[in-house]
Amino acid sequence: MNKVSYMGNGEITEFDFRFPFYENNNVVVLKNNMPATGYIIVKTPAGDGADVPYLGGRVVFQNAPLPMVCSPCPSVTCESVEHSENAYW
């Protein structure tokens, strides 16, 4: 499993990730350790002849995630899910 985490600052709405995936349901987006809503995934195509169709992408939120004061501090997290017929979030 691949994992990328970012700290929201209330201004940034776009978060890059660089791991291969097959389709959007292979990417899990969490905000403050809960399933995120209000975002789209912009895919980076792998190109002709690649083993997987996408090399990574960008999660774009409608509203910038806000930081919270707590320990440990929450973040925006993108994780890959093993490719299978039943992979979903």
Side-chain angles (χ1 to χ4, degrees):
M1 179 186 315
N2 297 290
K3 183 176 181 178
V4 180
S5 295
Y6 293 97
M7 181 63 62
N9 66 3
E11 295 179 18
I12 296 173
T13 58
E14 299 184 11
F15 301 88
D16 291 330
F17 63 95
R18 305 235 187 277
F19 51 76
F21 67 101
Y22 289 91
E23 51 195 40
N24 282 3
N25 67 356
N26 296 133
V27 180
V28 175
V29 180
L30 304 173
K31 188 164 70 171
N32 301 330
N33 297 319
M34 299 295 293
T37 60
Y39 70 89
I40 61 169
I41 296 175
V42 179
K43 304 169 193 157
T44 303
D48 295 336
D51 292 337
V52 295
Y54 307 106
L55 293 178
R58 184 177 335 117
V59 174
V60 180
F61 283 95
Q62 289 177 316
N63 299 304
L66 296 171
M68 295 178 64
V69 178
C70 66
S71 181
C73 288
S75 61
V76 172
T77 304
C78 301
E79 297 179 355
S80 66
V81 176
E82 292 295 322
H83 178 69
S84 74
E85 294 295 319
N86 299 319
Y88 65 92
W89 182 253

Ring geometry between Y6 and F15 (parallel below 30°, tilted from 30 to 60°, perpendicular above 60°) |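 The arrangement is tilted - the two ring planes meet at 30° to 60°.
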Should the pair F21 and F17 be assigned to parallel (<30°), tilted (30 to 60°) or perpendicular (>60°) ring geometry?
->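 F21 and F17: tilted rings.
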Looking only at heavy atoms, what is the nearest atom pair of [X] and [Y], with distance?
X	Y	value
V29	V59	CG2-CG2, 3.9 Å
A36	F61	CB-CE2, 4.0 Å
P65	I12	CD-O, 3.5 Å
T13	N63	CG2-C, 4.3 Å
A46	V52	CB-O, 3.0 Å
N25	E23	OD1-OE2, 2.7 Å

Please say whether more than 12 non-hydrogen atoms of neighbouring residues, nucleotides or ligands are located less than 6.0 Å from CG in N9.
-> yes
From CA spacing to verdict: side chain to side chain contact (heavy atoms under 4.5 Å, CB included), K31, T37 = CA-CA 8 Å; K31 188 164 70 171; T37 60; 5.8 Å; no
Out of curiosity, N26 CG to N2 CG, how far, rounded to the nearest 0.5 Å?
->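 The CG atom of N2 is 11.5 Å from CG of N26, to the nearest 0.5 Å.
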Do the side chains of V28 and L55 join up, straight or via other hydrophobic residues, at under 4.5 Å, putting them in one cluster?
->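 Cluster IDs for V28 and L55 differ.
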